[in-house]
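Inspection log for the structure reproduced underneath, given as structure tokens.
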Number of protein chains: 2
Amino acid sequence: MNLDSRTELLNEFVETCRQAELSITPQRLAVYKALLRSDNHPSPDMIYKSVLPEFPTISFATVYKILETFDQNGIISKVTALHNKLRYDPIKEHHHHIICVKCKKIIDIKSDDLDKLPIPSEVKEDNELIDFTVHFNVICSECRKKD
Amino acid sequence: MNLDSRTELLNEFVETCRQAELSITPQRLAVYKALLRSDNHPSPDMIYKSVLPEFPTISFATVYKILETFDQNGIISKVTALHNKLRYDPIKEHHHHIICVKCKKIIDIKSDDLDKLPIPSEVKEDNELIDFTVHFNVICSECRKKD
DNA sequence: TTACCTGCAAAAGGTTTGCAGGCTA
DNA sequence: TAGCCTGCAAACCTTTTGCAGGTAA
């Protein structure tokens with residue numbers, strides 16, 4: 001990432017925090033900078049280690065809380081909502097998933113159109129493609145009712 | 001699932017086990033039947049609870065081992081390879097992911113074609129769509145070299 | 001000044017591992 | 001019979017929670 005776009009993103013971050021009424025603490029800034037620095041979809045412990053040199057007193061719990069806050073406010077996002085539990089699929093036919101980000105319910109969808117989606121050349125360039133699925137992240141009707 | 005297709009799948013299961021030189025133990029059969037019974041992409045503990053009435057002595061570790069074995073032999077599959085660690089994405093532009101199922105490396109892909117994929121009507125029917133991403137599950141070149 | 005935020009520590013939750021004994025093929 | 005499979009228990013790893021003190025606005 002070049003300097004201009006980093007500065008731009010940092011300004012945007014400050015603006016987003018103001019709008020969301022989030023304090024811009026040194027810890028939050030450090031975590032956000034670590035995220036900008038990263039290029040590999042970091043896990044909380046990677047962020048923690050990356051922040052540690054410039055912030056030796058930060059705690060693991062704080063990193064978790066900050067990341068969750070950022071996610072809640074649309075500043076960053078989880079790569080998958082299904083990170084906290086192993087889920088198995090017995091169906092072998094090619095299909096796709098609707099996933100409720102709140103209750104983690106998973107619904108299958110079959111769609112010929114989706115099955116035929118264009119596979120970008122970079123996918124097969126260096127990798128052995130096993131399969132692909134489209135994940136539709138939603139809030140399901142039950143969870144909407146609860147809010 | 002109707003009886004015919006259940007019987008068919010069970011026969012297929014037996015055949016797959018033979019080909020993979022897997023013993024067909026009562027425990028494995030019970031777990032497989034529980035998977036067929038399920039319609040909600042069960043987690044290991046859901047499978048465990050589902051098997052328990054007909055198999056009160058089965059252990060949690062066995063369920064995990066059986067599910068892993070089934071996955072390794074293509075009998076079932078994980079809904080996401082990223083279940084064992086939270087991963088964050090700082091990029092807000094719409095994009096998609098190449099995921100190595102071995103080392104869990106994640107690579108971004110941008111593609112206008114993928115962004116425009118047809119969203120099945122059932123997705124928006126009852127749910128509030130937040131976003132969607134295509135997950136390309138691969139074995140990356142580094143991991144292939146290791147094997 | 002006040003509500004929000006951090007840091008510590010402990011707990012919780014999910015998954016993996018090692019090993020001894022038992023069962024399938 | 002031999003090697004694979006199970007069940008138990010403990011360990012491990014990640015994530016969450018409660019609370020007391022500190023800090024941003």
Side-chain angles (χ1 to χ4, degrees), chain A residues 13-32 34 41-52 54-73 75-76 78-88 101-104, chain B residues 13-32 34 41-52 54-73 75-76 78-88 101-104:
Chain A
F13 170 70
V14 170
E15 190 49 40
T16 307
C17 286
R18 290 222 175 100
Q19 279 175 21
E21 299 187 339
L22 295 176
S23 305
I24 300 168
T25 65
Q27 290 89 337
R28 282 182 177 161
L29 210 48
V31 167
Y32 188 69
H41 306 75
S43 56
D45 70 291
M46 286 157 85
I47 295 287
Y48 174 74
K49 287 187 189 115
S50 167
V51 167
L52 215 49
E54 56 172 313
F55 222 114
T57 61
I58 202 166
S59 78
F60 239 113
T62 300
V63 171
Y64 270 96
K65 284 169 191 166
I66 288 175
L67 290 169
E68 182 61 24
T69 303
F70 285 178
D71 182 42
Q72 291 301 314
N73 288 279
I75 296 168
I76 59 176
K78 293 171 182 159
V79 177
T80 168
L82 300 173
H83 65 280
N84 48 3
K85 204 175 271 185
L86 191 42
R87 300 284 290 272
Y88 283 102
V101 299
K102 299 257 186 199
C103 68
K104 312 295 165 72
Chain B
F13 169 70
V14 170
E15 191 48 40
T16 308
C17 287
R18 290 221 176 99
Q19 279 174 21
E21 300 188 338
L22 294 176
S23 305
I24 300 168
T25 65
Q27 290 88 335
R28 282 183 178 160
L29 210 48
V31 167
Y32 188 69
H41 305 74
S43 56
D45 70 292
M46 286 156 84
I47 295 288
Y48 174 75
K49 286 186 190 118
S50 168
V51 167
L52 215 48
E54 55 173 315
F55 223 114
T57 62
I58 202 165
S59 78
F60 238 112
T62 300
V63 171
Y64 270 96
K65 285 169 190 166
I66 289 175
L67 291 169
E68 183 60 26
T69 303
F70 285 177
D71 183 41
Q72 291 301 314
N73 288 280
I75 296 168
I76 59 176
K78 292 171 182 159
V79 177
T80 168
L82 299 173
H83 66 281
N84 48 1
K85 204 175 273 185
L86 192 41
R87 300 283 289 272
Y88 282 102
V101 298
K102 299 256 185 199
C103 68
K104 311 296 165 70

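In this text, all values refer to a predicted model and were calculated from it rather than measured experimentally. Numbers restart at 1 for each chain; the letters A, B, ... are given by sequence-line order, proteins then strands.
For the OP1/OP2 pair of D:dG7 and a distance below 4.0 Å, the side-chain nitrogens and oxygens of B:Gln27 include at least one atom meeting the criterion. Between A:Tyr64 and D:dT16 there is no side-chain N or O to OP1 or OP2 distance below 4.0 Å. In terms of phosphate contacts, B:Thr62 brings a side-chain nitrogen or oxygen within less than 4.0 Å of OP1 or OP2 of D:dG7.
For the atom pair CG (A:Asn73) and CD (A:Glu68), the distance works out to 10.0 Å, reported to the nearest 0.5 Å.
Counting to the nearest Å, the P atom of C:dC4 and the CG atom of A:Asn73 are 13 Å from each other. Atom pair A:Glu21:CD and C:dA3:C1' shows a separation of 12 Å (rounding to whole Å applied). Rounding to whole angstrom units, CZ of residue A:Arg28 and P of D:dA24 are separated by 12 Å. C:dG18 atom P lies 20 Å from atom CZ of B:Phe60, rounded to whole Å.
Residue pairs meeting the side-chain hydrogen bond (donor to acceptor under 3.5 Å, both in side chains) criterion with at least one partner in residues 18-28 of chain A, sequence neighbours excluded, are A:Glu15-A:Gln19.
Aromatic ring pairs are classed by plane angle as parallel below 30°, tilted from 30° to 60° and perpendicular above 60°; the pair A:Phe70 and A:Tyr32 is perpendicular.
Screening A:Tyr64, A:Phe55, A:Phe60 for a ring-ring contact (aromatic ring centres under 6.0 Å, His included) involving A:Tyr48 leaves a single residue, A:Phe60.
A residue-by-residue look at A:Thr25 and A:Lys85 shows that A:Thr25 has its nearest nucleotide of DNA chain C further toward the 5' end. Where A:Ile24 and B:Ile58 each meet DNA chain D at their nearest nucleotide, the meeting point lying more 5' is that of B:Ile58.
Residue A:Ser23 places its side chain closer to C:dC5 than to any other of C:dC8, D:dT15, C:dC5. The nucleotide whose nearest atom lies closest to any side-chain atom of A:Pro44 is, among C:dG7, D:dT15, D:dG7, D:dT15. Residue B:Leu22 has its side chain nearest to D:dC5 when only D:dC5, C:dC19, C:dT6 are considered.
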